[in-house]
A.B. asks: 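First the structure, which I've put down as structure tokens, then a few questions once you've had a look.
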Amino acid sequence: MIYDYIIIPPKLFNSNQDRTNFLYKLSSNQIPAAEIERINKMRLFRNKIEEIEKYCEINYYKMCDENFKSNLQVIDSKMPEIMAGLVLKYYKTKLNKVNELTAELAAENPCAFSSEKHKFYQYKIKRFLVDSALGMTPASIWDGQYDATGGYLVVKENGEVLCYHLYNYNEFKSYLFQNTILDSPSSSRHKYGKIIRKDNQLFIKFSLLVRFVD
């Protein structure tokens, strides 16, 4: 029997300029202009966030691209908020592994899921990883139809190739969850990481990029 395979590159989910940016609103617009300029010049994102949080909170406001937002909502209605929480936690901490970031997010439970026994965040983020691996992109409308009918080839940075058949679906999900990290694309190219003012409100954007562990 001949199977169709999809080849998954080292970057599981690539940044696409403003399409993959999340917009966060600062809870105060009273940060002095000189402080905003100083913070924007900082190199490390977690240092920027630490300085901002001396003045106010950073709260998810919206996604910058409506199509990508809708794609996430196809997976789950809460997915934009969940991914925004995951992204912010990555930029404000030293964590980058998806499974570790998910555990931290679940402990905080920003969506206020009622059951402590159900692994809401782990399940939903695994779905995002699988859908990203098998055809979902921020620019195209996602209908949930996978590109592969037989299996998946994961090509790692070192050239190692891993093969998963459809009957290994649970193993494939676990592999993605355990072996992916968030990363920071070029902030100048993707236009994120600086405090911006709009309509007398302060905002900051952060970008999503998921790659396999080296």
A.B. asks: Closest approach of L176 and A133, non-hydrogen atoms and distance?
C.D. replies: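 So the two residues come closest at CD1-CB, 4.1 Å.
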
A.B. asks: More than 12 heavy atoms of other residues, nucleotides or ligands under 6.0 Å from CD1 of I141: yes or no?
C.D. replies: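 12 or below, so no.
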
A.B. asks: Got T93 and E104 here, is their nearest side-chain heavy-atom distance under 4.5 Å?
C.D. replies: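 No; the side chains remain at least 4.5 Å from each other.
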
A.B. asks: Which distance, rounded to the nearest 0.5 Å, do you find between the CD of E37 and the CD1 of I31?
C.D. replies: 14.0 Å

A.B. asks: Are side-chain heavy atoms of N67 and R19 found at a separation under 4.5 Å?
C.D. replies: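 N67 does not reach R19 side chain to side chain.
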
A.B. asks: Under a 4.5 Å cut-off applied to non-hydrogen side-chain atoms, are D76 and R127 in contact?
C.D. replies: no

A.B. asks: Is there a chain of hydrophobic side chains (I, L, V, M, F, W, Y, each step under 4.5 Å between heavy atoms) that links Y175 to V130?
C.D. replies: yes

A.B. asks: Roughly how far, to the nearest 0.5 Å, is the CD1 atom of I125 from the NZ atom of K119?
C.D. replies: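 Taking NZ in K119 and CD1 in I125, the distance rounds to 13.0 Å.
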
A.B. asks: What's the shortest heavy-atom distance between N16 and A139, and which atoms?
C.D. replies: ND2-CB, 4.3 Å

A.B. asks: Taking D18 first and then K205, would you say they form a salt bridge - that is, a charged N and a carboxylate O separated by under 4.0 Å?
C.D. replies: yes

A.B. asks: Is there side-chain contact between R197 and N29, with at least one heavy-atom pair below 4.5 Å?
C.D. replies: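 Touching, per the 4.5 Å side-chain cut-off.
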
A.B. asks: For E57, does the CD atom sit with more than 12 other heavy atoms under 6.0 Å from it, leaving out its own atoms?
C.D. replies: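 Counting neighbours around CD of E57, 12 or fewer heavy atoms of other residues, nucleotides or ligands fall under 6.0 Å, so no.
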
A.B. asks: Test your reading of the model: is there a side-chain donor-acceptor pair from Y24 to the backbone of A84, 3.5 Å cut-off?
C.D. replies: yes

A.B. asks: With a 4.5 Å heavy-atom cut-off, do I75 and M136 have their side chains touching?
C.D. replies: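 In short, these two side chains touch, coming nearer than 4.5 Å.
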
A.B. asks: Quick one: pull up CE in M63 and CE in M79 and give me the separation to the nearest 0.5 Å.
C.D. replies: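 Here the interatomic distance stands at 10.0 Å.
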
A.B. asks: Got a second to check how far F177's CZ is from K97's NZ, nearest 0.5 Å?
C.D. replies: 10.0 Å

A.B. asks: Compare every heavy atom of L86 with every heavy atom of L105, then report the nearest pair and how far apart it is.
C.D. replies: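 Residues L105 and L86, closest heavy atoms: CD2-N, 4.0 Å.
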
A.B. asks: Decide yes or no on side-chain hydrogen bond (donor to acceptor under 3.5 Å, both in side chains) for Y61 and Q201, but give the supporting numbers first.
C.D. replies: CA-CA 12 Å; Y61 184 65; Q201 297 291 328; over 6 Å; no

A.B. asks: Rounded to the nearest 0.5 Å, what separation is found between the NZ atom of K173 and the CD atom of Q122?
C.D. replies: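 Reported value, rounded in 0.5 Å steps: 9.0 Å.
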
A.B. asks: Between W142 and T137, is there a side-chain heavy-atom distance shorter than 4.5 Å?
C.D. replies: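 They are not in contact (no side-chain heavy atoms under 4.5 Å apart), so the answer is no.
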
A.B. asks: Over all heavy atoms of both residues, which pair between P138 and D65 is shortest? Give the atoms and the distance, please.
C.D. replies: O-OD2, 3.7 Å

A.B. asks: Could you go through K78 and F120, starting from their C-alpha distance and side-chain angles, then the distance that decides it, and tell me whether this counts as side chain to side chain contact (heavy atoms under 4.5 Å, CB included)?
C.D. replies: CA-CA 10 Å; K78 289 285 188 180; F120 293 100; over 6 Å; no

A.B. asks: Looking at every non-hydrogen atom in both residues, tell me the closest pair between C111 and I82 and how far apart they are.
C.D. replies: SG-CG1, 3.8 Å

A.B. asks: Restricting to non-hydrogen atoms, name the atom on L26 and the atom on C56 that form the minimum distance, rounded to 0.1 Å.
C.D. replies: CB-SG, 3.7 Å

A.B. asks: Tell me whether L134 is reachable from F128 by hopping between hydrophobic residues (I, L, V, M, F, W, Y) whose side-chain heavy atoms are closer than 4.5 Å.
C.D. replies: yes

A.B. asks: Please confirm whether Y121 and F113 have ring centers closer than 6.0 angstrom.
C.D. replies: yes

A.B. asks: Should the heavy atoms of other residues, nucleotides or ligands under 6.0 Å from NZ of K191 be counted, would the total exceed 12?
C.D. replies: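 No - once you tally the heavy atoms of other residues, nucleotides and ligands closer than 6.0 Å, there are 12 at most.
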
A.B. asks: Starting from I196, can I reach I52 by hopping between I/L/V/M/F/W/Y residues whose side chains sit under 4.5 Å apart?
C.D. replies: no

A.B. asks: Any donor-acceptor pair under 3.5 Å linking the side chain of N40 with the backbone of I195?
C.D. replies: yes

A.B. asks: Give the cluster check for Y169 versus L12: same hydrophobic cluster or not, with ILVMFWY residues linked at side-chain heavy-atom distances below 4.5 Å.
C.D. replies: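 Yes; L12 is reachable from Y169 via cluster members.
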
A.B. asks: Run the side chain to side chain contact (heavy atoms under 4.5 Å, CB included) test on K126 and S174 for me, step by step, so that the C-alpha distance in whole Å, both residues' side-chain angles and the decisive distance to 0.1 Å come before the verdict.
C.D. replies: CA-CA 8 Å; K126 281 183 178 180; S174 295; 4.0 Å; yes

A.B. asks: Assess whether a salt bridge exists between R46 and E50, defined as any Lys/Arg side-chain N lying under 4.0 Å from an Asp/Glu carboxylate O.
C.D. replies: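 Salt bridge between R46 and E50, a charged N being under 4.0 Å from a carboxylate O: no.
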
A.B. asks: Centroid separation under 6.0 Å, is that true for the rings of Y192 and H190?
C.D. replies: no

A.B. asks: Nearest 0.5 angstrom please: N21 CG to F206 CZ, how far?
C.D. replies: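 Between atom CG of N21 and atom CZ of F206 there are 10.0 Å.
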
A.B. asks: Are L95 and L182 linked, directly or through intermediate hydrophobic residues, by side-chain heavy-atom contacts shorter than 4.5 Å (ILVMFWY only)?
C.D. replies: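 L182 and L95: one cluster.
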
A.B. asks: Centre-to-centre under 6.0 Å for F68 and F13, is that the case here?
C.D. replies: yes

A.B. asks: Tell me whether K48 is salt-bridged to E51, with the criterion being a basic N under 4.0 Å from an acidic carboxylate O.
C.D. replies: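 Not counted as a salt bridge, because no side-chain N and carboxylate O are separated by less than 4.0 Å.
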
A.B. asks: Just so I know, are the side chains of Y60 and P110 near enough to count as touching, which here means a heavy-atom distance under 4.5 Å?
C.D. replies: no

A.B. asks: Quick one, E108 and K89 - any side-chain contact, counting heavy atoms below 4.5 Å?
C.D. replies: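 Contact flag for E108/K89 side chains = yes.
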
A.B. asks: Check the pair L209 / N14 against side chain to side chain contact (heavy atoms under 4.5 Å, CB included), numbers first and verdict last.
C.D. replies: CA-CA 5 Å; L209 169 63; N14 207 359; 3.5 Å; yes

A.B. asks: Output yes when a side-chain donor or acceptor of T180 lies under 3.5 Å from a complementary backbone atom of F212, and no otherwise.
C.D. replies: no

A.B. asks: Under 3.5 Å, is there a donor-acceptor pair between the side chain of Y91 and the main chain of S207?
C.D. replies: yes

